[in-house]
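Let me begin by presenting the structure, written as C-alpha coordinates, before commenting on it.
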Amino acid sequence: MAEWPLTLDVAGLRAAGWQPTPFRQFILKIHSRCDLACTYCYVYKMADSGWQDRPKTMPPDIVDATTKRIAEHVRAHGLPEIEIILHGGEPLLAGPAVIRRIVTGVRSEVGDRTRVAVSLQTNGVLLDSRYLRLFDELGVRVGVSLDGDEAAHDRNRRRANGQGSHRRVVEALGLLTSPPFRRVFGGLLCTIDLRNDPIRVYEALLEFGPPAIDFLLPHGNWTTPPPGRVPDDPATPYADWLIAIFDRWYDAPHDVPRVRMFDEIIHLLLGGASATEQVGLSPSAMVVVETDGAIEQSDLLKSAYHGAAATGLHVLHHSFDDALRLPAIAARQIGRAALAAPCRACPVSEVCGGGLYVHRYRAGSGFANPSVYCPDLFRLIAHIRSRVAADLAAVARNRPIEEQH
(Lines give C-alpha, C1' and ligand atoms only; values in the text may rest on other atoms or scores of the structure.)
Protein backbone atom coordinates (compact mmCIF):
# COMPACT_ATOMS: atom_id res chain seq x y z
CA MET A 1 0.00 0.00 0.00
CA ALA A 2 1.33 3.43 -0.98
CA GLU A 3 2.35 5.73 1.85
CA TRP A 4 1.03 9.28 2.08
CA PRO A 5 1.44 11.60 0.16
CA LEU A 6 1.58 9.29 -2.86
CA THR A 7 -2.18 8.81 -2.39
CA LEU A 8 -2.85 12.56 -2.54
CA ASP A 9 -5.36 13.47 -5.27
CA VAL A 10 -3.71 16.46 -6.95
CA ALA A 11 -6.28 16.52 -9.79
CA GLY A 12 -9.04 16.71 -7.18
CA LEU A 13 -7.26 19.54 -5.37
CA ARG A 14 -7.00 21.51 -8.61
CA ALA A 15 -10.64 20.84 -9.48
CA ALA A 16 -11.58 22.26 -6.09
CA GLY A 17 -9.68 25.46 -6.82
CA TRP A 18 -6.22 24.85 -5.35
CA GLN A 19 -3.31 26.10 -7.43
CA PRO A 20 0.35 25.17 -6.89
CA THR A 21 2.86 27.79 -5.79
CA PRO A 22 5.67 28.35 -8.33
CA PHE A 23 9.19 27.52 -7.21
CA ARG A 24 11.16 30.55 -6.10
CA GLN A 25 14.11 28.83 -4.45
CA PHE A 26 16.35 26.56 -6.51
CA ILE A 27 18.91 24.48 -4.62
CA LEU A 28 21.62 23.39 -7.02
CA LYS A 29 23.80 20.48 -5.93
CA ILE A 30 26.90 21.50 -7.82
CA HIS A 31 29.17 18.89 -6.20
CA SER A 32 28.08 15.55 -4.76
CA ARG A 33 31.07 14.79 -2.52
CA CYS A 34 32.41 16.39 0.65
CA ASP A 35 35.78 16.93 2.30
CA LEU A 36 34.34 16.33 5.76
CA ALA A 37 32.73 13.23 7.27
CA CYS A 38 30.25 14.80 9.70
CA THR A 39 28.67 12.18 11.93
CA TYR A 40 25.11 13.49 11.49
CA CYS A 41 25.20 14.12 7.72
CA TYR A 42 21.86 13.29 6.11
CA VAL A 43 23.46 12.91 2.66
CA TYR A 44 26.19 10.39 3.45
CA LYS A 45 25.32 8.88 6.81
CA MET A 46 21.60 8.21 6.63
CA ALA A 47 19.09 6.29 4.50
CA ASP A 48 19.83 7.36 0.91
CA SER A 49 23.07 6.34 -0.81
CA GLY A 50 22.18 7.76 -4.22
CA TRP A 51 25.10 10.20 -4.11
CA GLN A 52 27.42 7.30 -5.00
CA ASP A 53 25.93 7.01 -8.48
CA ARG A 54 26.03 10.70 -9.35
CA PRO A 55 28.82 12.68 -11.05
CA LYS A 56 31.02 14.52 -8.60
CA THR A 57 30.60 17.89 -10.31
CA MET A 58 27.58 19.16 -12.22
CA PRO A 59 28.61 18.87 -15.91
CA PRO A 60 28.40 21.88 -18.28
CA ASP A 61 25.42 20.51 -20.23
CA ILE A 62 23.47 20.02 -17.00
CA VAL A 63 24.46 23.50 -15.80
CA ASP A 64 23.18 25.02 -19.04
CA ALA A 65 19.98 22.95 -19.07
CA THR A 66 19.29 23.92 -15.45
CA THR A 67 19.73 27.63 -16.10
CA LYS A 68 17.34 27.42 -19.06
CA ARG A 69 14.75 25.52 -17.02
CA ILE A 70 14.95 28.12 -14.26
CA ALA A 71 14.47 30.93 -16.76
CA GLU A 72 11.56 29.03 -18.34
CA HIS A 73 9.88 28.78 -14.93
CA VAL A 74 10.50 32.45 -14.16
CA ARG A 75 8.92 33.57 -17.44
CA ALA A 76 5.98 31.19 -17.15
CA HIS A 77 5.02 32.62 -13.76
CA GLY A 78 6.28 36.19 -14.04
CA LEU A 79 8.48 35.86 -10.96
CA PRO A 80 10.03 39.18 -9.86
CA GLU A 81 12.66 37.49 -7.66
CA ILE A 82 14.20 34.07 -7.19
CA GLU A 83 16.94 32.60 -5.01
CA ILE A 84 19.67 30.25 -6.14
CA ILE A 85 21.41 28.25 -3.39
CA LEU A 86 24.67 26.56 -4.34
CA HIS A 87 24.96 23.41 -2.27
CA GLY A 88 26.57 19.98 -2.05
CA GLY A 89 28.21 17.87 -0.75
CA GLU A 90 30.65 20.70 -0.41
CA PRO A 91 30.00 23.22 -3.22
CA LEU A 92 33.49 24.74 -3.13
CA LEU A 93 34.84 21.41 -4.41
CA ALA A 94 33.20 22.25 -7.76
CA GLY A 95 35.75 25.03 -8.30
CA PRO A 96 35.45 28.72 -9.22
CA ALA A 97 34.80 28.12 -12.94
CA VAL A 98 31.68 26.02 -12.31
CA ILE A 99 30.35 28.50 -9.78
CA ARG A 100 30.91 31.43 -12.15
CA ARG A 101 29.23 29.57 -15.05
CA ILE A 102 26.14 28.83 -12.97
CA VAL A 103 25.72 32.30 -11.46
CA THR A 104 26.32 34.23 -14.67
CA GLY A 105 24.33 31.68 -16.66
CA VAL A 106 21.20 31.97 -14.52
CA ARG A 107 21.29 35.76 -14.51
CA SER A 108 21.85 35.90 -18.26
CA GLU A 109 19.01 33.48 -19.02
CA VAL A 110 16.57 35.07 -16.57
CA GLY A 111 17.23 38.64 -17.69
CA ASP A 112 17.01 41.99 -15.97
CA ARG A 113 13.33 41.87 -15.00
CA THR A 114 13.90 39.27 -12.29
CA ARG A 115 16.25 39.73 -9.36
CA VAL A 116 18.43 36.67 -8.79
CA ALA A 117 19.75 36.37 -5.24
CA VAL A 118 22.52 33.81 -4.92
CA SER A 119 23.87 32.21 -1.77
CA LEU A 120 26.25 29.37 -1.02
CA GLN A 121 26.41 27.10 2.02
CA THR A 122 29.89 25.80 2.84
CA ASN A 123 31.68 23.94 5.62
CA GLY A 124 34.39 26.60 5.30
CA VAL A 125 37.36 24.29 4.90
CA LEU A 126 38.23 25.50 1.38
CA LEU A 127 37.03 29.08 1.80
CA ASP A 128 39.88 31.44 0.97
CA SER A 129 40.53 34.89 -0.52
CA ARG A 130 40.29 33.53 -4.07
CA TYR A 131 36.73 32.35 -3.50
CA LEU A 132 35.80 35.44 -1.51
CA ARG A 133 36.91 37.75 -4.30
CA LEU A 134 34.75 35.73 -6.69
CA PHE A 135 31.73 35.91 -4.37
CA ASP A 136 32.21 39.62 -3.86
CA GLU A 137 32.36 40.14 -7.64
CA LEU A 138 29.25 38.01 -8.28
CA GLY A 139 27.27 39.20 -5.25
CA VAL A 140 27.04 35.73 -3.69
CA ARG A 141 26.17 35.56 0.01
CA VAL A 142 28.08 32.93 1.98
CA GLY A 143 26.78 30.85 4.87
CA VAL A 144 29.20 28.80 6.96
CA SER A 145 28.50 25.77 9.14
CA LEU A 146 29.82 26.14 12.68
CA ASP A 147 28.64 24.09 15.65
CA GLY A 148 30.22 26.17 18.42
CA ASP A 149 33.67 26.27 20.01
CA GLU A 150 36.39 23.80 19.09
CA ALA A 151 35.18 21.00 21.34
CA ALA A 152 31.55 21.34 20.25
CA HIS A 153 32.30 21.73 16.56
CA ASP A 154 34.87 18.93 16.30
CA ARG A 155 32.59 16.51 18.12
CA ASN A 156 30.80 15.92 14.79
CA ARG A 157 32.37 18.01 12.02
CA ARG A 158 35.54 16.06 11.32
CA ARG A 159 37.57 14.94 8.35
CA ALA A 160 37.52 11.30 7.25
CA ASN A 161 40.72 10.68 9.22
CA GLY A 162 39.05 11.93 12.41
CA GLN A 163 40.84 15.28 12.44
CA GLY A 164 38.70 18.22 13.52
CA SER A 165 37.87 21.09 11.16
CA HIS A 166 37.28 23.91 13.67
CA ARG A 167 40.64 25.65 13.35
CA ARG A 168 40.44 25.84 9.58
CA VAL A 169 36.83 27.09 9.70
CA VAL A 170 37.82 29.81 12.18
CA GLU A 171 40.60 30.92 9.81
CA ALA A 172 38.10 31.10 6.97
CA LEU A 173 35.64 33.07 9.08
CA GLY A 174 38.42 35.48 9.94
CA LEU A 175 38.77 36.23 6.23
CA LEU A 176 35.03 36.29 5.60
CA THR A 177 34.41 38.78 8.42
CA SER A 178 37.31 41.06 7.46
CA PRO A 179 36.40 44.48 5.99
CA PRO A 180 36.97 43.57 2.31
CA PHE A 181 34.54 40.64 2.40
CA ARG A 182 32.15 41.09 5.30
CA ARG A 183 29.36 42.25 2.99
CA VAL A 184 29.09 38.73 1.53
CA PHE A 185 28.73 37.08 4.97
CA GLY A 186 25.26 35.53 5.08
CA GLY A 187 25.37 33.90 8.50
CA LEU A 188 26.14 30.75 10.48
CA LEU A 189 24.41 27.39 10.49
CA CYS A 190 24.61 25.27 13.65
CA THR A 191 23.30 21.74 14.07
CA ILE A 192 22.17 21.08 17.63
CA ASP A 193 23.98 18.45 19.67
CA LEU A 194 22.45 18.03 23.12
CA ARG A 195 25.87 17.16 24.54
CA ASN A 196 27.06 20.70 23.84
CA ASP A 197 26.26 23.47 26.29
CA PRO A 198 23.78 25.80 24.52
CA ILE A 199 25.08 29.08 25.94
CA ARG A 200 28.69 28.20 25.17
CA VAL A 201 27.66 27.31 21.62
CA TYR A 202 25.73 30.57 21.22
CA GLU A 203 28.59 32.67 22.58
CA ALA A 204 31.04 30.94 20.23
CA LEU A 205 28.84 31.87 17.26
CA LEU A 206 28.46 35.46 18.45
CA GLU A 207 32.23 35.94 18.33
CA PHE A 208 31.99 36.28 14.54
CA GLY A 209 29.20 38.84 14.55
CA PRO A 210 27.00 36.89 12.13
CA PRO A 211 24.05 38.73 10.57
CA ALA A 212 21.95 35.59 11.11
CA ILE A 213 22.11 32.23 12.87
CA ASP A 214 20.24 29.06 11.97
CA PHE A 215 19.90 26.37 14.63
CA LEU A 216 18.98 23.06 13.00
CA LEU A 217 17.37 20.09 14.68
CA PRO A 218 19.22 16.86 13.76
CA HIS A 219 17.31 14.99 11.10
CA GLY A 220 15.36 11.97 12.21
CA ASN A 221 11.82 10.61 12.22
CA TRP A 222 9.52 8.20 14.04
CA THR A 223 11.20 5.16 12.48
CA THR A 224 14.75 6.44 12.98
CA PRO A 225 14.57 8.92 15.88
CA PRO A 226 17.15 11.68 16.27
CA PRO A 227 19.62 11.50 19.18
CA GLY A 228 17.95 12.05 22.54
CA ARG A 229 14.42 12.10 21.12
CA VAL A 230 12.46 9.06 22.29
CA PRO A 231 9.16 8.75 20.37
CA ASP A 232 6.09 9.41 22.53
CA ASP A 233 8.28 10.52 25.46
CA PRO A 234 6.98 13.86 26.82
CA ALA A 235 10.51 15.02 27.66
CA THR A 236 11.64 18.09 25.71
CA PRO A 237 15.45 18.07 25.55
CA TYR A 238 15.66 20.09 22.31
CA ALA A 239 13.21 22.71 23.51
CA ASP A 240 15.14 23.03 26.77
CA TRP A 241 18.38 23.51 24.81
CA LEU A 242 16.85 26.16 22.54
CA ILE A 243 15.00 27.97 25.32
CA ALA A 244 18.27 28.62 27.12
CA ILE A 245 19.52 30.43 24.01
CA PHE A 246 16.18 32.12 23.33
CA ASP A 247 16.07 33.73 26.76
CA ARG A 248 19.64 34.97 26.38
CA TRP A 249 18.87 36.27 22.87
CA TYR A 250 15.50 37.82 23.76
CA ASP A 251 16.79 39.56 26.89
CA ALA A 252 19.91 41.00 25.26
CA PRO A 253 20.16 44.76 25.92
CA HIS A 254 21.77 45.37 22.52
CA ASP A 255 21.42 44.29 18.90
CA VAL A 256 21.81 40.57 18.35
CA PRO A 257 21.92 38.46 15.18
CA ARG A 258 18.70 37.29 13.65
CA VAL A 259 17.95 33.74 14.80
CA ARG A 260 15.67 32.44 12.10
CA MET A 261 13.74 29.91 14.17
CA PHE A 262 12.98 32.42 16.92
CA ASP A 263 12.14 35.22 14.50
CA GLU A 264 9.80 32.98 12.52
CA ILE A 265 7.93 31.79 15.60
CA ILE A 266 7.48 35.34 16.91
CA HIS A 267 6.34 36.51 13.48
CA LEU A 268 3.77 33.71 13.32
CA LEU A 269 2.54 34.40 16.85
CA LEU A 270 1.92 38.00 15.81
CA GLY A 271 -0.16 36.91 12.83
CA GLY A 272 2.46 36.82 10.08
CA ALA A 273 3.25 34.10 7.56
CA SER A 274 6.27 31.82 7.70
CA ALA A 275 9.18 32.13 5.30
CA THR A 276 10.71 28.75 6.12
CA GLU A 277 9.53 25.13 6.25
CA GLN A 278 10.78 24.78 9.82
CA VAL A 279 7.52 26.17 11.18
CA GLY A 280 4.22 27.58 9.91
CA LEU A 281 1.94 26.58 7.07
CA SER A 282 3.24 28.60 4.13
CA PRO A 283 3.60 26.56 0.93
CA SER A 284 7.07 25.25 0.15
CA ALA A 285 8.47 26.96 -2.95
CA MET A 286 11.82 25.18 -3.22
CA VAL A 287 13.15 22.48 -5.51
CA VAL A 288 16.50 20.69 -5.86
CA VAL A 289 18.58 19.88 -8.93
CA GLU A 290 21.21 17.18 -8.38
CA THR A 291 24.61 17.04 -10.12
CA ASP A 292 23.24 14.63 -12.74
CA GLY A 293 20.28 16.92 -13.53
CA ALA A 294 17.67 14.99 -11.55
CA ILE A 295 14.88 17.24 -10.26
CA GLU A 296 14.22 16.34 -6.64
CA GLN A 297 12.28 17.40 -3.59
CA SER A 298 14.05 18.72 -0.50
CA ASP A 299 17.32 16.86 -0.09
CA LEU A 300 16.55 16.59 3.64
CA LEU A 301 14.22 13.75 2.68
CA LYS A 302 17.29 11.60 2.10
CA SER A 303 17.27 11.07 5.88
CA ALA A 304 13.91 9.22 5.70
CA TYR A 305 14.44 6.37 3.25
CA HIS A 306 16.28 5.61 0.03
CA GLY A 307 14.69 7.47 -2.87
CA ALA A 308 12.44 9.63 -0.70
CA ALA A 309 13.52 12.82 -2.49
CA ALA A 310 13.23 11.42 -6.03
CA THR A 311 10.64 12.66 -8.52
CA GLY A 312 11.67 10.75 -11.65
CA LEU A 313 12.10 14.07 -13.46
CA HIS A 314 15.21 15.49 -15.15
CA VAL A 315 16.11 18.95 -16.42
CA LEU A 316 16.90 17.60 -19.89
CA HIS A 317 13.40 16.23 -20.31
CA HIS A 318 11.06 17.94 -17.85
CA SER A 319 10.10 21.42 -16.71
CA PHE A 320 9.76 22.58 -13.13
CA ASP A 321 6.03 22.88 -13.79
CA ASP A 322 6.03 19.10 -14.27
CA ALA A 323 7.28 18.81 -10.68
CA LEU A 324 4.44 21.01 -9.44
CA ARG A 325 1.98 18.34 -10.60
CA LEU A 326 3.39 15.66 -8.29
CA PRO A 327 1.58 14.61 -5.08
CA ALA A 328 4.82 14.78 -3.07
CA ILE A 329 5.35 18.42 -4.06
CA ALA A 330 1.70 19.34 -3.53
CA ALA A 331 1.80 17.84 -0.03
CA ARG A 332 4.28 20.52 1.03
CA GLN A 333 2.14 23.29 -0.45
CA ILE A 334 -1.37 22.62 0.86
CA GLY A 335 -0.78 23.85 4.40
CA ARG A 336 -3.25 22.71 7.02
CA ALA A 337 -4.70 20.03 4.72
CA ALA A 338 -1.39 18.15 4.94
CA LEU A 339 -1.41 17.96 8.74
CA ALA A 340 -2.19 14.82 10.70
CA ALA A 341 -5.42 14.84 12.71
CA PRO A 342 -3.66 15.46 16.07
CA CYS A 343 -1.90 18.49 14.54
CA ARG A 344 -5.10 19.98 13.17
CA ALA A 345 -6.58 19.80 16.67
CA CYS A 346 -3.51 21.34 18.33
CA PRO A 347 -3.73 24.94 19.62
CA VAL A 348 -0.32 25.86 18.20
CA SER A 349 -0.76 24.20 14.79
CA GLU A 350 -0.81 27.52 12.91
CA VAL A 351 2.62 28.33 14.36
CA CYS A 352 4.16 24.86 14.46
CA GLY A 353 2.78 23.84 11.09
CA GLY A 354 3.44 20.21 11.97
CA GLY A 355 7.16 20.91 12.12
CA LEU A 356 9.63 20.25 9.33
CA TYR A 357 8.04 17.87 6.83
CA VAL A 358 10.88 15.34 6.86
CA HIS A 359 10.60 14.88 10.63
CA ARG A 360 7.03 13.53 10.26
CA TYR A 361 7.96 10.29 8.50
CA ARG A 362 6.95 6.91 9.88
CA ALA A 363 7.36 3.68 7.89
CA GLY A 364 3.89 2.45 6.94
CA SER A 365 2.05 5.78 7.13
CA GLY A 366 4.52 8.01 5.32
CA PHE A 367 4.47 11.69 6.22
CA ALA A 368 0.90 11.85 7.60
CA ASN A 369 2.11 12.24 11.20
CA PRO A 370 3.08 14.94 13.67
CA SER A 371 6.75 15.81 13.90
CA VAL A 372 8.92 13.44 15.91
CA TYR A 373 9.89 16.70 17.69
CA CYS A 374 6.25 17.45 18.60
CA PRO A 375 6.76 17.86 22.40
CA ASP A 376 9.82 20.04 21.86
CA LEU A 377 8.07 22.27 19.35
CA PHE A 378 5.02 22.68 21.57
CA ARG A 379 7.12 23.65 24.58
CA LEU A 380 9.36 26.03 22.63
CA ILE A 381 6.41 27.81 21.02
CA ALA A 382 4.54 28.02 24.33
CA HIS A 383 7.59 29.52 26.03
CA ILE A 384 8.14 32.11 23.31
CA ARG A 385 4.43 32.96 23.29
CA SER A 386 4.43 33.55 27.04
CA ARG A 387 7.48 35.84 26.83
CA VAL A 388 6.06 37.86 23.94
CA ALA A 389 2.58 38.07 25.47
CA ALA A 390 4.00 39.34 28.77
CA ASP A 391 5.91 42.07 26.97
CA LEU A 392 2.91 43.10 24.89
CA ALA A 393 0.78 43.27 28.02
CA ALA A 394 3.42 45.41 29.75
CA VAL A 395 3.53 47.79 26.79
CA ALA A 396 -0.27 48.07 26.81
CA ARG A 397 -0.31 48.83 30.55
CA ASN A 398 2.24 51.61 30.12
CA ARG A 399 0.49 53.37 27.23
CA PRO A 400 -1.29 56.63 28.03
CA ILE A 401 -5.05 56.16 28.47
CA GLU A 402 -5.90 58.24 25.39
CA GLU A 403 -3.79 55.90 23.21
CA GLN A 404 -5.71 52.84 24.43
CA HIS A 405 -8.99 54.00 22.89
### Query
Trp241 pairs by side chain to side chain contact (heavy atoms under 4.5 Å, CB included) with which of Val201, Leu217, Asp197?
Val201

### Task
Taking the side chain as every heavy atom from C-beta outward, state whether Pro218 and Tyr373 have any atom pair closer than 4.5 Å.
yes

### Chi angles and distances behind the side chain to side chain donor-acceptor pair (under 3.5 Å) call for Asn196, Arg155
CA-CA 9 Å; Asn196 296 332; Arg155 186 188 296 277; 2.9 Å; yes

### Task
Find the distance between OG1 (Thr291) and CD1 (Ile30) and round it off to the nearest 0.5 Å.
10.5 Å

### Query
If we ignore angles and hydrogens, is there a donor and acceptor under 3.5 Å between the side chains of Ser284 and Arg332?
yes

### Message
Using side-chain contact (heavy atoms from CB on, under 4.5 Å), reason through Leu132 and Leu175 one step at a time and then give a plain yes or no.
### Response
CA-CA 8 Å; Leu132 289 172; Leu175 271 177; 3.8 Å; yes

### Query
Going through the checks in order, is the salt bridge (charged side-chain N to carboxylate O under 4.0 Å, His left out) test met by Glu137 and Arg100?
CA-CA 10 Å; Glu137 175 194 344; Arg100 180 182 292 278; 2.9 Å; yes

## Note on the structure
Checking Thr236, Leu242, Asp240, Ile243 against Asp376 for side chain to side chain contact (heavy atoms under 4.5 Å, CB included), the one that qualifies is Thr236

### Message
Between the side chains of Arg33 and Glu90, is the shortest nitrogen-to-carboxylate-oxygen separation below 4.0 Å, so that they form an ion pair?
### Response
no

### Side-chain donor or acceptor of Ser108 paired with backbone N/O of Gly105 under 3.5 Å
no

### Query
Asp292 versus Ile62: any side-chain heavy-atom pair under 4.5 Å?
no

### Query
Would Tyr42 and Asp48 count as a side chain to side chain donor-acceptor pair (under 3.5 Å) if you check the C-alpha gap in whole Å, the side-chain angles of each, and the deciding distance to 0.1 Å?
CA-CA 8 Å; Tyr42 61 88; Asp48 196 313; over 6 Å; no

### Query
Quick one: does Glu350's side chain get under 4.5 Å of Leu281's, heavy atoms only?
yes

### Summary
Closest non-hydrogen atoms of Arg69 and Val315, given as atom of the first, atom of the second and distance, are NE-O, 2.8 Å

### Task
Looking only at non-hydrogen atoms, find the nearest pair between Asp64 and Arg101 and report the distance.
OD2-NH2, 2.7 Å

### Task
Give a yes or no on whether the backbone of Glu81 and the side-chain of Arg115 come within a donor-acceptor separation of less than 3.5 Å.
no

### Query
Ignoring hydrogens and geometry, is there a side-chain-to-backbone donor-acceptor pair from Arg168 to Val125 under 3.5 Å?
yes

### Message
Quiz question: by atom type and distance under 3.5 Å, do the side chains of Thr39 and Asn156 form a donor-acceptor pair?
### Response
yes

### Task
Using distance alone, with no hydrogens and no angle criterion, decide if His267 and Ser274 have a side-chain donor and acceptor under 3.5 Å apart.
no

### Task
Consider only side-chain N and O atoms of Asn123 and Asp35, and report whether a donor and an acceptor are under 3.5 Å apart.
yes

### Task
Say whether, by atom type as modelled, one donor and one acceptor occur between the side chain of His87 and the main chain of Thr122 under 3.5 angstrom.
no

### Message
Looking at Asp154, is its backbone amide N or carbonyl O close enough to the side chain of Arg158 to form a donor-acceptor pair, meaning the two atoms are under 3.5 Å apart?
### Response
yes

### Query
Between Phe262 and Trp249, is the ring centre distance below 6.0 Å?
yes

### Message
Could you tell me if His77 and Asp321 have a donor-acceptor pair between their side chains, going purely by distance under 3.5 Å?
### Response
yes

### Query
Would you say Met261 and Glu264 make side-chain contact, with heavy atoms under 4.5 Å?
no

### Task
May I ask you to decide if Asp233's main-chain N or O and Arg229's side chain share a donor-acceptor pair within less than 3.5 Å?
yes

### Message
So Tyr357 and Leu301, do their side chains get closer than 4.5 Å, heavy atoms only?
### Response
yes

### Message
Any salt bridge linking Lys29 with Glu296? Criterion: basic side-chain nitrogen under 4.0 Å from a carboxylate oxygen.
### Response
no

#### Entry: Side-chain heavy-atom pair Val289, Ile27 within 4.5 angstrom cut-off
no

### Message
Checking the side chain of Thr114 only, and the main-chain atoms of Val110 only, is there a donor and an acceptor separated by less than 3.5 Å?
### Response
no

### Minimum heavy-atom distance Cys352-Leu377, with the two atoms named
SG-CD1, 3.8 Å

### Task
For Trp222 and Pro370, indicate whether the former's side chain and the latter's backbone hold a donor-acceptor pair under 3.5 Å.
yes

### Query
With a 4.5 Å heavy-atom cut-off, do Arg141 and Val118 have their side chains touching?
no

### Query
Parallel under 30°, tilted from 30 to 60°, perpendicular over 60°: which one fits the rings of His73 and Phe26?
perpendicular

### Query
Between Glu203 and Arg200, is the closest basic N to carboxylate O distance under 4.0 Å?
no

### Query
Would you say Arg14's side chain and Asp9's backbone share a donor-acceptor pair under 3.5 angstrom?
no

### Query
Between Glu290 and Ser32, does a side chain to side chain donor-acceptor pair (under 3.5 Å) hold up when you go through it step by step?
CA-CA 8 Å; Glu290 285 284 355; Ser32 65; over 6 Å; no

### Task
Evaluate whether atom CG of Asp112 has more than 12 neighbouring non-hydrogen atoms of other residues, nucleotides or ligands under 6.0 angstrom away.
no

### Message
With no hydrogens and no angle check, just 3.5 Å: does a side-chain donor-acceptor pair link Arg344 and Ser349?
### Response
no

### Presence of salt bridge, Asp247 and Arg387, under 4.0 angstrom
yes

### Task
Quick one: sort the Tyr44 and Trp51 rings into parallel, tilted or perpendicular, breaks at 30° and 60°.
perpendicular

#### Entry: Asp193 and Tyr40: CA distance, side-chain angles, deciding distance, side chain to side chain donor-acceptor pair (under 3.5 Å) verdict
CA-CA 10 Å; Asp193 188 317; Tyr40 51 59; over 6 Å; no

### Message
When you compare the side chain of Leu28 with that of Thr66, does any pair of heavy atoms fall below 4.5 Å?
### Response
yes

#### Entry: Donor-acceptor under 3.5 Å (Thr223 side chain, Ala363 main chain)
yes

### Task
Determine, for Asp251 against Arg248, whether the closest basic-nitrogen to carboxylate-oxygen distance falls under 4.0 angstrom.
no

